[in-house]
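Notes follow once the structure below has been shown.
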Amino acid sequence: MSNWQPNALESRRIEKMEALRAAGMDPFPLRAERTHTAQQAIHLLEKSEADLNDGDTLPDMKVTVTGRIVSFRDKGKIVFAHIEDESGRIQLFVRLNNLGQESYELFKKQLDLGDFVQATGLIFRTRMGEPSVNVTTWKILSKALSPLPVAKEQEVDGEVVRYSAFSDVEERYRQRYADLAVNREVRDVFRARAKMMTAIRQFFDSNDFLEVETPVLQPIYGGAAARPFSTHHNQLKQELFLRISFELYLKRLLVGGYERVYEIGRDFRNEGVSFKHNPEFTQLEFYAAYWDYYDVMDFTERMIAHTAETVTGSSTIVFGDHTINLAPPWTRMTLREAIKKYAEIDYVEYPDAAELATAIKKIGGQASPSASWGKLVDGLLGDYVEPNLIQPAFITEYPRDISPFAKKIPNDPAHVERFEFFIGGMEMGNAFTELNDPLDQEQRFLDLQTLYKADEDLNNPIDDDYLRAMRYGMPPNGGFGMGIDRLIMLLADKSTIREVLLYPHLREKIE
RNA sequence: GGGCCAUUAGCUCAGUGGUAGAGCAGGUGACUUUUAAUCACUUGGUCGGGGGUUCGAAUCCCUCAUGGCUCACCA
């Protein structure tokens, strides 16, 4: 049983639906016909006008268009209505003389904003010059029983100005279908997103990468420090986790002989929600044999610039108040330099966590007494450096104790070959010269257990199967991970991740 | 999880202790080239839920829910 009780507006629409039925018109017919999209119909008119010689008259151009009624102006014996399909809007010119009393009255009285209709007639221009369909026959394709929050709009200098738009963010996300139906620019965001995905795949494919798919349900989660969602398989009586990263499964494939692999898919992290965090998000990871993290940097710059050009037409983008130039080369700076520059602490002078914490407090910063040295350095990065990294920047050479999958820098026991890259003040991704020494890797896992001994969820169990794979020999390789949602935030100039997810996670609402 | 703010008609919003409002949408009517069409009349509300203070609460207090911003957390 549904909970729906029609309100006054909906009851009225149900009456209209019955009236259509009584007049012999099925309000939800099986089939529809269309000869032209709205855009094609308009182009047809424009082209034949352009081809016209002086003194000639336009030929008759009959079109059948379909779409949702988005405006309705009843002028007595003429109705002007716009319908919208995915290609755009076109005006219907509906006149009593051209339809006859019965059909005209039905159109005028029993249709509502939001209904889908099909209309046939000659395409022409009204006196005001707007391309329109002079409707001679029409039928309803779907009766909208609930009123959409359709807003009036006006085009001023090519810009759509909307009045009283459906803008309540909570309702827009809870009823994304209504948001998409009435806010055309929201539809554009997800078209841009699809275009971005295609551009990324093309770039990888043209660089000899193989796209693969690895398990979402994993008996041992790993590859990142995050709390997982857990579930279980009934029949196998097996505890399972939704993946928090693809890392360990992808690198096993290098052992298997693939040299360049990538995966685009969903990761799940049981953490807080924010303007740049959603519990499930789309991750891109790649691994390339015989690359180091400098190769990965070169590739990353080119990939992001190429993607931006494909999606927006330019490698220079506008994000909020900033204009960002994504064209290579990007700034490269070690983490030590960056922290020296923005926090004015040279952390190598404080090789002990307690000393570093004191130094951080001295500049007014936050330092948890339980934090490890690496965590403190990372804290400085997040608090002092990250907000300043508006133009794209690689920050390189990270503390070893927070980077369990990266290779050590020779003669520098504290640092590893790892970079993160930042754009628009956001961390976009993370990459390493990947550790391929199985004995070192085992030690790193053991060190992690000490680091996270207080937090069982972060202290994921050692993945023995992954170590076994490494012992068979893993080629040296460079690896990379990036939050795709954040990239489309940049390219579509959206300040929250929810605007680039069709169905962002929301708390359950009890109606 | 903490702090601050918000929640009023289908939509967008006014209303800060004294009879719940506007615009749009809806309804009725007028108008045969309109376009935020226009004009006249008009329907519509458990003011997010619950509790309290008060002669009287949309308004003040408490609480719960949801959302936003923010802080914390998220290698």
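Throughout, a chain's letter reflects where its sequence line sits, starting with A, and its residues are numbered from 1. Below, all heavy atoms of this structure are taken into account, side chains as well, without hydrogens, waters or symmetry copies.
Across all strands shown, A/Asn430 has no heavy atoms under 4.0 Å from either base or sugar-phosphate atoms. Contact annotation for A/Lys276: no contact, since no heavy-atom pair falls under 4.0 Å across all strands. Within the nucleic acid shown, A/Arg13 has no heavy atom closer than 4.0 Å to any nucleic acid atom. Within the 4.0 angstrom heavy-atom criterion, no nucleotide atom of any strand lies near A/Gly483. A/Arg498 comes within 4.0 angstrom of the backbone, heavy atoms only, and of no base. When heavy atoms are screened at a 4.0 angstrom cut-off, A/Arg12 is found touching the sugar-phosphate backbone but no base atom. Residue contacts shown for A/Pro399 are absent, as no nucleic acid heavy atom lies under 4.0 Å away. Heavy atoms of A/Glu130 sit under 4.0 angstrom from at least one base atom.
Comparing B/G52 with B/G17, their C1' atoms sit 16 Å apart, to the nearest whole Å. B/C55 and B/U70 have their C1' atoms separated by 42 Å, given to the nearest Å.
A/Asn134 and A/Arg95 are not linked by any side-chain donor-acceptor pair at a separation below 3.5 angstrom, with hydrogens and angles left out of the test.
For CD of A/Glu185, the number of neighbouring non-hydrogen atoms (other residues, nucleotides, ligands) closer than 6.0 Å is greater than 12.
In the interface, the side chain of A/Thr126 is paired with the base of B/U34 through a donor and an acceptor atom under 3.5 Å apart. The base of B/U34 lies close enough to the side chain of A/Gln91 for a donor and an acceptor atom to sit less than 3.5 Å apart.
Relative orientation of the A/Phe421 and A/Phe480 rings is parallel, given thresholds of 30° and 60° on the angle between their planes.
Position along RNA chain B of the nearest nucleotide to A/Leu506 versus A/Ser274 favours A/Leu506 as the more 5'-ward residue.
Shown here, B/A6 forms a base pair with B/U66; the pair counts as Watson-Crick or G-U wobble because both key distances fall under 3.5 Å. As the counterpart of B/U54, no nucleotide is assigned, since no Watson-Crick or G-U wobble pattern has both distances under 3.5 Å. Base pairing analysis places B/G1 opposite B/C71; the two distances defining the Watson-Crick or G-U wobble pair are each below 3.5 Å.
When the P atom of B/G27 is taken as reference, atom NZ of A/Lys108 falls 12 Å away, rounded to whole Å.
At a threshold of 4.0 Å, the pair A/Arg444-A/Asp440 counts as salt-bridged, since one of the basic side-chain nitrogens sits closer than that to a carboxylate oxygen.
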